[in-house]
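The structure appears below as structure tokens.
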Amino acid sequence: MECRMAWGKMNPVYDDALGIRKDVFIEEQGIDPRDELDGADEDKMHYVGYVDDKPVTTARIDMLAGNRVKIQRVATVADERQHGYAGELIKQIISDAKKSDVSRIELDAQLTALDFYQQLGFEPVSEPFEEAGIQHRTVQYQVK
């Protein structure tokens with residue numbers, strides 16, 4: 001899988017990320033488009049994983065104060081799941097964080113994906129909470 005990243009909305013990586021997010025979050029999970037399309041994409045980093053030049057997985061990165069980043073909007077198209085693509089993408093984000101001043105990566109994980117993130121080294125730091133009608137827990141990864 002090839003990982004590409006781009007800042008903001010005026011690029012083909014963002015267009016591919018948005019397509020995946022619409023398919024997964026709006027169409028498949030039934031999330032209100034107003035919640036998913038929150039108007040915050042312009043000042044975020046967008047990662048997309050490609051297999052044979054086809055976009056298959058995505059994540060959005062929010063730079064937070066205190067040398068922290070928050071991974072958001074992690075999604076993989078339905079027919080490409082169970083191939084490890086999202087894990088590869090998260091590992092690339094962690095690798096990029098290790099090359100910078102980032103000290104901690106945060107993420108609000110859907111409960112159905114909690115084990116996935118724990119296998120990647122994330123630790124739960126919150127009780128369950130609801131976001132967009134779906135139960136989540138905040139998890140963190142300490143960058144060494």
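Considering CD of Gln72 and CG of Asp108, their distance stands at 8.0 Å, rounded to 0.5 Å. The line from CG of Asp15 to NZ of Lys9 is 10.0 Å long, rounded to the nearest 0.5 Å. Interatomic distance, CG of Leu37 versus CG of Asp32, reported as 9.0 Å (0.5 Å rounding). Residue Glu130 holds its CD atom at 6.0 Å from CD of Gln135, rounded to the nearest 0.5 Å. Here the straight-line distance linking atom CG of Leu18 with atom CG of Asp23 works out to 9.5 Å at 0.5 Å rounding. Expressed to the nearest 0.5 Å, how far CZ of Arg137 lies from CD of Glu123 amounts to 10.0 Å.
Met63 and Tyr47 end up in the same hydrophobic cluster when Ile, Leu, Val, Met, Phe, Trp and Tyr side chains are linked at under 4.5 Å. Under the 4.5 Å side-chain heavy-atom criterion for grouping Ile, Leu, Val, Met, Phe, Trp and Tyr, Val56 is connected to Met5 within one hydrophobic cluster. The hydrophobic clustering, which links ILVMFWY residues whose side-chain heavy atoms are closer than 4.5 Å, places Val74 and Phe129 apart. Both Tyr14 and Ile26 are members of a single hydrophobic cluster when ILVMFWY side chains are connected at heavy-atom separations under 4.5 Å. Under a hydrophobic-cluster definition in which Ile, Leu, Val, Met, Phe, Trp and Tyr are linked whenever side-chain heavy atoms come within less than 4.5 Å, directly or via other members, Ile61 and Trp7 are assigned to the same cluster.
Ser103 and Gly66 make their closest contact through OG-O, 3.7 Å (heavy atoms, listed as atom of the first residue, atom of the second, distance). Scanning all heavy atoms of the two residues, the minimum distance from Ala17 to His46 falls at CB-CB, 4.5 Å. Residue Ala109 comes nearest to Tyr117 through the heavy atom pair CB-CD1, 3.5 Å, listed as atom of the first residue, atom of the second, then distance. Shown here for Ile93 and Ala59, the closest heavy-atom pair between the two residues is CD1-CB, 3.9 Å.
In this structure Asp79 satisfies the side chain to side chain contact (heavy atoms under 4.5 Å, CB included) test together with Lys54, Val77, sequence neighbours excluded.
Considering Ile90, Leu114, Thr138 as possible partners of Phe122, the one that fulfils the side-chain contact (heavy atoms from CB on, under 4.5 Å) test is Ile90. When each of Val139, Val69, Leu64, Ile71 is checked for a side-chain contact (heavy atoms from CB on, under 4.5 Å) with Glu106, only Leu64 meets the rule.
Residues Tyr50 and Val13 are in side-chain contact: their nearest non-hydrogen atoms beyond the backbone lie under 4.5 Å apart. Two residues are said to be in side-chain contact when any heavy atoms from C-beta on lie closer than 4.5 Å; Asp41 and Arg21 meet this criterion. Using a 4.5 Å heavy-atom threshold, the side chains of His83 and Met1 count as separate. In this structure, the side chains of Val125 and Arg104 stay at 4.5 Å or more apart for every pair of heavy atoms. Using a 4.5 Å cut-off on side-chain heavy atoms (C-beta onward), Ile134 and Ile31 make contact. Gln142 has its side chain within reach of Gln140: a pair of non-hydrogen atoms, C-beta onward, lies under 4.5 Å apart. Under the 4.5 Å side-chain criterion, counting only non-hydrogen atoms from C-beta, Glu80 is not in contact with Ile20.
Within a 6.0 Å sphere centred on CG of Asp43, heavy atoms belonging to other residues, nucleotides or ligands number more than 12. Within a 6.0 Å radius of CD in Glu42, more than 12 heavy atoms belonging to other residues, nucleotides or ligands are found. Counted within 6.0 Å of NZ on Lys22, heavy atoms from surrounding residues, nucleotides or ligands total 12 or fewer; the atom is thus considered open.
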Apply side chain to side chain contact (heavy atoms under 4.5 Å, CB included) to residues Tyr141 and Leu120 and explain how you reach the verdict.
CA-CA 9 Å; Tyr141 182 96; Leu120 291 168; 6.0 Å; no
For a side-chain hydrogen bond (donor to acceptor under 3.5 Å, both in side chains) check, start with the C-alpha distance between Gln119 and Asp115, then their side-chain angles and the critical distance, and finish with the verdict.
CA-CA 6 Å; Gln119 290 174 9; Asp115 288 342; 6.0 Å; no
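Within the structure, no pair that satisfies the ring-ring contact (aromatic ring centres under 6.0 Å, His included) test touches residues 60-81, not counting sequence neighbours.
Under the 4.0 Å criterion applied to side-chain N and carboxylate O atoms, Arg4 and Asp53 are assigned as salt-bridge partners.
A donor-acceptor pair is defined here as one N or O able to donate and one able to accept, closer than 3.5 Å; such a pair exists between the side chain of Thr57 and the backbone of Ala75. Arg73 places a side-chain N or O within 3.5 Å of a backbone atom of Glu36 that can act as its donor or acceptor partner.
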